[in-house]
Structures are given as structure tokens and as C-alpha cells.
Amino acid sequence: NAVCLPADVVRISFANEHRKFQFRGGQYVFLCIPKLSLFQWHPFSISSSPEDPVVSIHIRALGGWTRALHKRLTTGEFGSDLDVLIEGPYGSPMLDIDSERYKILMLVSGGSVLHQCSQFATI
């Protein structure tokens with residue numbers, strides 16, 4: 001599912017039934033949208049929590065590829081069916097936030113990174 005949001009943001013999301021797609025907060029994936037470009041893969045942070053039943057990736061239209069994605073979704077050029085290829089997840093937090101070692105975790109964020117803090121909401 002791909003939806004245009006305010007502020008030139010695109011949300012790509014898919015159901016994660018039975019948590020078959022396993023990831024941790026802070027990880028990222030590479031996306032390819034064949035209808036946009038068959039050979040281009042771009043990295044994006046996963047913006048949902050690992051406990052959410054839906055995996056979400058928020059993309060701001062800043063460069064050529066992301067602007068083309070936003071424009072084609074806005075105009076309906078892709079139609080109702082959009083294939084998205086996903087590779088990953090990659091990366092991991094520098095701290096083991098799932099262990100009992102840290103009792104309190106303080107996150108400070110701002111700007112376009114702010115949505116990534118939602119990944120840690122369930123900790």
C-alpha cells in the first residue's frame with residue numbers, strides 16, 4: 001500500500017502477519033519500485049515499531065527518484081497496483097535496547113528524523 005501524505009511524504013506499508021518480516025528499531029531496508037526504475041534501489045528507515053502488525057516506511061520527496069514516486073502516486077499513474085521490492089532489514093542499534101541492562105532510555109530527535117522515534121514507542 002502506498003499513500004501520499006502531507007508535506008510531500010509517501011508512506012509505503014505492508015501487512016506483517018505472524019511477524020514473518022522481522023526487524024528491530026533503527027533498521028533500514030532497500031526499496032526498488034520496478035514501475036519507477038527497475039535497477040535503482042534506495043535505502044529508507046523503517047518507521048514502524050517491530051510489534052506493529054503493519055510495517056511502514058515514510059519517504060519524503062527530496063531527490064529525483066523520491067519526487068518521481070510522489071508525483072506518480074499523486075497523479076494516479078501507478079494505478080491501484082504498485083509492486084515494491086524490499087531487501088533487508090539492515091543495520092542495528094548501537095545499544096542493545098532489548099536487554100534489561102538499561103532501565104531508562106532517553107531519545108532526543110528533531111527534523112525529518114522525528115518519525116523514527118515512533119519505532120521505540122513500545123519499549
Trainee: Between Tyr28 and Phe30, how do the two ring planes meet: parallel, tilted or perpendicular, split at 30° and 60°?
Mentor: perpendicular
Trainee: I'd like to know if the side chain of Ser48 reaches the main chain of Ser56, judged simply by a donor and an acceptor atom lying under 3.5 Å from each other, with no hydrogens or angles considered.
Mentor: yes
Trainee: Could you please spell out the steps behind the side chain to side chain contact (heavy atoms under 4.5 Å, CB included) verdict for Phe44 and Thr66?
Mentor: CA-CA 11 Å; Phe44 297 99; Thr66 55; 3.9 Å; yes
Trainee: For Ser47 and His58, which heavy atoms make the closest approach, and how far apart are they?
Mentor: OG-ND1, 2.5 Å
Trainee: Atom CD1 in Ile33, atom NE2 in His42: separation rounded to 0.5 Å?
Mentor: 9.0 Å
Trainee: Going by ring-ring contact (aromatic ring centres under 6.0 Å, His included), name the residues that satisfy it together with Phe78, two or more places apart in sequence or in a different chain.
Mentor: none
Trainee: For Pro89 and Gln22, work out which heavy atoms get closest and say how close.
Mentor: CG-O, 3.4 Å
Trainee: Is there a side-chain contact between Val55 and Val29 in this structure, where contact means two heavy atoms from C-beta onward sitting under 4.5 Å apart?
Mentor: no
Trainee: Leu69 and Val9: same hydrophobic cluster, using ILVMFWY side-chain contacts below 4.5 Å?
Mentor: no
Trainee: With the 4.5 Å side-chain cut-off for hydrophobic clustering, are Trp41 and Leu36 part of the same group?
Mentor: no
Trainee: Which atom pair, heavy atoms only, marks the closest approach of Ile57 to Ile46?
Mentor: CG1-CA, 4.4 Å
Trainee: Tell me the closest heavy-atom pair linking Cys32 and Ser37, and the distance in Å.
Mentor: SG-O, 3.6 Å
Trainee: Measuring only between side-chain heavy atoms, which start at C-beta, is Arg60 closer than 4.5 Å to His70?
Mentor: no
Trainee: With clusters defined by side-chain heavy atoms of hydrophobic residues (ILVMFWY) lying less than 4.5 Å apart, directly or transitively, does Ile86 cluster with Val54?
Mentor: no
Trainee: Do you reckon Phe14 sits in the same ILVMFWY cluster as Leu82, going by side-chain contacts under 4.5 Å, direct or chained?
Mentor: yes
Trainee: Could you tell me whether a side-chain N or O of Asp8 sits under 3.5 Å from a main-chain N or O of Ala61, the two making a donor and an acceptor?
Mentor: no
Trainee: What do you reckon, is NZ of Lys71 surrounded by more than 12 foreign heavy atoms closer than 6.0 Å?
Mentor: no
Trainee: Would a single hydrophobic cluster contain both Tyr90 and Leu85, if residues Ile, Leu, Val, Met, Phe, Trp and Tyr are joined by side-chain heavy-atom contacts under 4.5 Å?
Mentor: yes
Trainee: Under the rule for salt bridge (Lys or Arg N to Asp or Glu O under 4.0 Å), what residues qualify as partners of Glu87, not counting sequence neighbours?
Mentor: none
